[in-house]
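What follows is a set of notes on a single structure, which appears directly below.
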There are 2 protein chains.
Amino acid sequence: MTERNTKGRILDAAERLFARDGFHATSLRNITREASVNLAAVNYHFGSKEALISEVISRRMVPINRMRMGRLRAVMAESVNQQARPDVSEILSVFFRPTLVFLETSSQAKEFVTIIGRAMPEPDDTVRNILIGHLEPVFRYLLEILCFALPHVPYRVLYWRLQFALGAFSHVMRTARDPIFMPDDLKPEEDIGSIIDVLIPFLTAGMEEAVE
Amino acid sequence: MTERNTKGRILDAAERLFARDGFHATSLRNITREASVNLAAVNYHFGSKEALISEVISRRMVPINRMRMGRLRAVMAESVNQQARPDVSEILSVFFRPTLVFLETSSQAKEFVTIIGRAMPEPDDTVRNILIGHLEPVFRYLLEILCFALPHVPYRVLYWRLQFALGAFSHVMRTARDPIFMPDDLKPEEDIGSIIDVLIPFLTAGMEEAVE
DNA sequence: GTCTATAGATTGATAGAC
DNA sequence: GTCTATCAATCTATAGAC
């Protein structure tokens, strides 16, 4: 299912290597070798390594976040209609599940899950800001809806709880395929969806916990 | 409170710069300039950049983890004595609070909190394994005690929940001083202890949540 | 122990032929 | 659009004088 054209081949190879080795440790030479294209092709098609990183992130993040925003709006609208508080577990599902939407259609896209987890803690500001720019509107809307869902929890506490959720999520997305500290009598999960099934009740309980 | 000798000056400067810019983006030239020592001093005193990274991490992690293990054993012993299950909130406190132990004594050590959060998601295996090597025995013992505390939660679920806790913790340690997505009407916490005060009830609720 | 000078390797980017 | 060849900058690490 590899892309035929050079640009697509570069994007796929970059996605694979960024996921495996990180952004900084992956050189343009590694990428073009993996993609079987010429070194100069990256700068011809993308302009710079940074622009390539941006493209690798954007081509998946844009549709994922469009899906997230649409579903969050639906959850909010339904809540207003029924004059009921939105369900925290559903809010979190709507945020996390779209990450997996590509996994059924493309084996290549599995790499991307790791990339999200890599970009979040990236020390390089320019790289991290690419992800942050995509996530910021979603985060704000998510926080707003959580305020409706959990009016008894202070705003400041909800902000930090949402940060905890983000941290837990990015950590397991990054390490899911090669989990650290895994005891010998446990096996890595075969698919990431089953980790999210454990994650959502965990986070929901934490979100809903009363503040004394 | 800066160290007088060259070795200590290098360690402090490296800690500061690793925290701010990450391990990979910080060159030995940056470090020696910041420490006002000669470039060759790093290889004279430490042998290599990797060995310096290891030292920066170890000099704080060793005493922190010794404290953690001691307190965890105490929690476990008290539980056996009283024939009661250990308290989840206390277990988590015993793990998280020692991170802050240096903060009262040394302003320099504030940087280290960020470093833990940086080393955990580090793509470079050799760097990440330095931290993992320190944390592994603590993680295993922590998981064991959680099994005692929460016998109704399956082992596999507890493993992942502890991973979520680790992810949330490292994420906020890394971003606490410059939080992402911070709304205009919120201010960064003045000290990290107050974030941990929010974190522990959140994680405790998630840990204790019943599994259907 | 501290310094200068430099080796040796790798990187992102580009000029210019085809 | 694709290629070769190369520039200029960076890095870690080390040899050798003091």
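Below, read A as the first sequence line, B as the second, and so on, with proteins coming before strands; counting in each chain starts at 1.
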d([atom1], [X]; [atom2], [N]) in whole Å:
X	N	atom1	atom2	value
B/Asn38	C/dT2	CG	P	9 Å
B/Tyr44	D/dA15	OH	P	15 Å
A/Asn43	C/dA13	CG	C1'	5 Å
A/Lys7	D/dT2	NZ	P	12 Å
A/Leu39	C/dA15	CG	C1'	13 Å
B/Leu17	D/dC11	CG	P	12 Å
A/His24	C/dT11	NE2	P	10 Å

Say whether, by atom type as modelled, one donor and one acceptor occur between the side chain of [X] and the main chain of [Y] under 3.5 angstrom.
X	Y	result
B/Arg9	B/Ser36	yes
A/Glu209	B/Gly206	no
A/Thr32	A/Arg29	yes

Next on the checklist: Suppose the criterion is ring-ring contact (aromatic ring centres under 6.0 Å, His included): which pairs have a residue in residues 26-77 of chain B, not counting sequence neighbours?
Outcome noted: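 Counting only pairs at least two positions apart or across chains, no ring-ring contact (aromatic ring centres under 6.0 Å, His included) contact touches residues 26-77 of chain B.
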Next on the checklist: Nearest to the side chain of A/Thr6, heavy atoms from C-beta on, is which of D/dA13, C/dG1, D/dT2?
Outcome noted: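 Given the options D/dA13, C/dG1, D/dT2, the side chain of A/Thr6 is closest to D/dT2.
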Checklist entry - Under a 4.0 Å heavy-atom cut-off, which of residues 45-57 of chain A touch DNA chain D? => result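 Only A/His45 qualify.
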Next on the checklist: Applying the salt bridge (charged side-chain N to carboxylate O under 4.0 Å, His left out) criterion to A/Asp12, which one of A/Lys110, A/Arg59, A/Lys7 satisfies it?
Outcome noted: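 Filter result, single survivor: A/Arg59.
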Table of protein N/O atoms under 3.5 Å from nucleotides 16-18 of chain D N/O atoms:
none

Next on the checklist: As a quick check of understanding, evaluate ring pair (Phe, Tyr, Trp, His ring centres under 6.0 Å) for B/Phe169 and B/Phe96, giving each step before the final call.
Outcome noted: CA-CA 8 Å; B/Phe169 179 65; B/Phe96 293 131; 4.5 Å; yes
Looking only at non-hydrogen atoms, find the nearest pair between [X] and [Y] and report the distance.
X	Y	answer
B/Met120	B/Leu131	N-CD2, 3.5 Å
A/Thr26	A/Gly22	OG1-O, 2.7 Å
B/Gly193	B/Arg97	O-NH1, 3.9 Å

Checklist entry - Residues in side chain to side chain donor-acceptor pair (under 3.5 Å) with A/Arg128, at least two apart? => result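 With neighbours one apart ignored, the set is A/Asp125.
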Next on the checklist: Tell me which residues in residues 25-34 of chain A lie within less than 4.0 Å of DNA chain C, going by non-hydrogen atoms.
Outcome noted: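 Nucleic-acid contacts, sorted: A/Thr26, A/Ser27, A/Leu28, A/Arg29.
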Next on the checklist: Going by salt bridge (charged side-chain N to carboxylate O under 4.0 Å, His left out), name the pairs with one or both residues in residues 162-188 of chain B, residues two or more places apart or in two chains.
Outcome noted: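 Matches after skipping sequence neighbours: B/Glu111-B/Arg177.
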